[in-house]
Protein chains: 2
Amino acid sequence: MALGKDYEGQDCSLARALELVGERWTLLVIRDAFYGVRRYSDFVAHLDIPRAVLADRLAALTAAGVLERRRYQQSPPRDEYVLTPMGRDLWPAVHALSRWGGRYLSPDGPSKLYTHALCGSPLDQAGTCPECGGPVPPEDVEARPVRPTACDRRDDPVTRLLEGPRRLLRPLTEPV
Amino acid sequence: MALGKDYEGQDCSLARALELVGERWTLLVIRDAFYGVRRYSDFVAHLDIPRAVLADRLAALTAAGVLERRRYQQSPPRDEYVLTPMGRDLWPAVHALSRWGGRYLSPDGPSKLYTHALCGSPLDQAGTCPECGGPVPPEDVEARPVRPTACDRRDDPVTRLLEGPRRLLRPLTEPV
DNA sequence: GTCTTTGAGTTCGTTCATCGAACCAACAGG
DNA sequence: CCTGTTGGTTCGATGAACGAACTCAAAGAC
């Protein structure tokens, strides 16, 4: 999508955002990054995304500055992908879309509840904390599944880790 | 995208939202609907979208309840597409993504400024009005181009109408 | 009454993206 | 030396998007 066939010549911020982040799978990769997923194999396991597509998306997001690729062990050399500040600033958009999907497209209501980790109250529609007032950065958000886990039809290690409440952006390897 | 090859079996609100709204062009159609575009030919003129794709997206959004198709004249029979309350609730997501694109992907900064029409102050990052406090519904948002119009490379009637400040959701045929 | 225009699509052949299964390479452990 | 793990790449088959041309119904112009 990004190359060649660009969205119109219009001077539009939304079109430019979608060029980068509007392709199939891309926002789900970013959502997983907020949940703490950082490694290629974990993205594959959790998303069931074709490997070639994942490699393509990770490269594009890294090139654009949404993700940063960093080495976390030397031998064998292994890299992980983490959200940059630019990537973390996608949180309001991800939260708004996710909330909308939970409200209108999920028969049983949203499956995850997002709360302000510092005070415990659930985020409101604008992504702000009604108690403390003001927006909540993603690192202060706690995601917890609403339903007793029964509704998850998946069974991979990443999904199982995400069944408990988790602070956003914490790597999967660390406890809550 | 929506059919058959659905995004994983996961119980995820974001995935469900993207099934409907994450396909190419769809969010741009919705943005145009916020700007007051309602007619097939106006969407085509403003977006340069392939006509078959537009017909497909309008049908899908109408079937899902994001748009409503309503007859605005009997002879010849003509319909227009307007956002339903469900569609209008996409405003926070559209605003957040658009703002992100303006901040990180637009060399000259955002091209449009969104203000609270009732008090005139620009919306903040969460889509709330810093003066009045609280979220601003899209019908109370005024969009105005920031730059002196020179940067628009397009030249169709719809673009020209959108060059002035406009209240969101007002049909293009009405003045501001 | 015929000619043309307008709005709202549909058709269709080409091109591009995605899918998924298999393959590859580098290192680690036994 | 063999096997397992991680992080990819390759490739043929399928599906979606592109865009130019075509359709159709109803007005309007002459």
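Every chain is numbered from 1 and lettered A, B, ... according to where its sequence line falls, protein lines coming before strand lines.
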- Residues forming a side chain to side chain donor-acceptor pair (under 3.5 Å) with A/Asp89, sequence neighbours excluded: B/Arg103, B/Tyr104
- With sequence neighbours excluded, what pairs up with A/Arg88 under the salt bridge (Lys or Arg N to Asp or Glu O under 4.0 Å) test? none
- By salt bridge (Lys or Arg N to Asp or Glu O under 4.0 Å) - contacts of A/Arg39 (at least two apart): none
Got a list of protein N/O to nucleotides 2-5 of chain C N/O distances below 3.5 Å?
none

- Of all residues at least two apart in sequence or in a different chain, which pass the salt bridge (Lys or Arg N to Asp or Glu O under 4.0 Å) check with B/Glu139? none
- Query: Do any pairs count as a ring pair (Phe, Tyr, Trp, His ring centres under 6.0 Å) and have a residue in residues 65-87 of chain A, sequence neighbours left out, and if so which ones?
  - Reply: none
- Which residues share a side chain to side chain donor-acceptor pair (under 3.5 Å) with B/Arg144, sequence neighbours left out: B/Glu142
- Query: Going by number, which of residues 69-83 of chain A have a non-hydrogen atom under 4.0 Å from DNA chain D?
  - Reply: A/Arg69, A/Tyr72, A/Arg78, A/Asp79, A/Tyr81
- Note on the structure: Taken in chain and number order and not counting sequence neighbours, the residues that satisfy side chain to side chain donor-acceptor pair (under 3.5 Å) with B/Thr115 are none
- Query: By a strict heavy-atom criterion of less than 4.0 Å, which residues belonging to residues 60-68 of chain B are in contact with DNA chain C?
  - Reply: none
- Residue pairs meeting side chain to side chain donor-acceptor pair (under 3.5 Å), one or both in residues 92-101 of chain A, sequence neighbours left out, come to none
- Item | Partners meeting side chain to side chain donor-acceptor pair (under 3.5 Å) with A/Arg69 (sequence neighbours left out) | A/Asp79
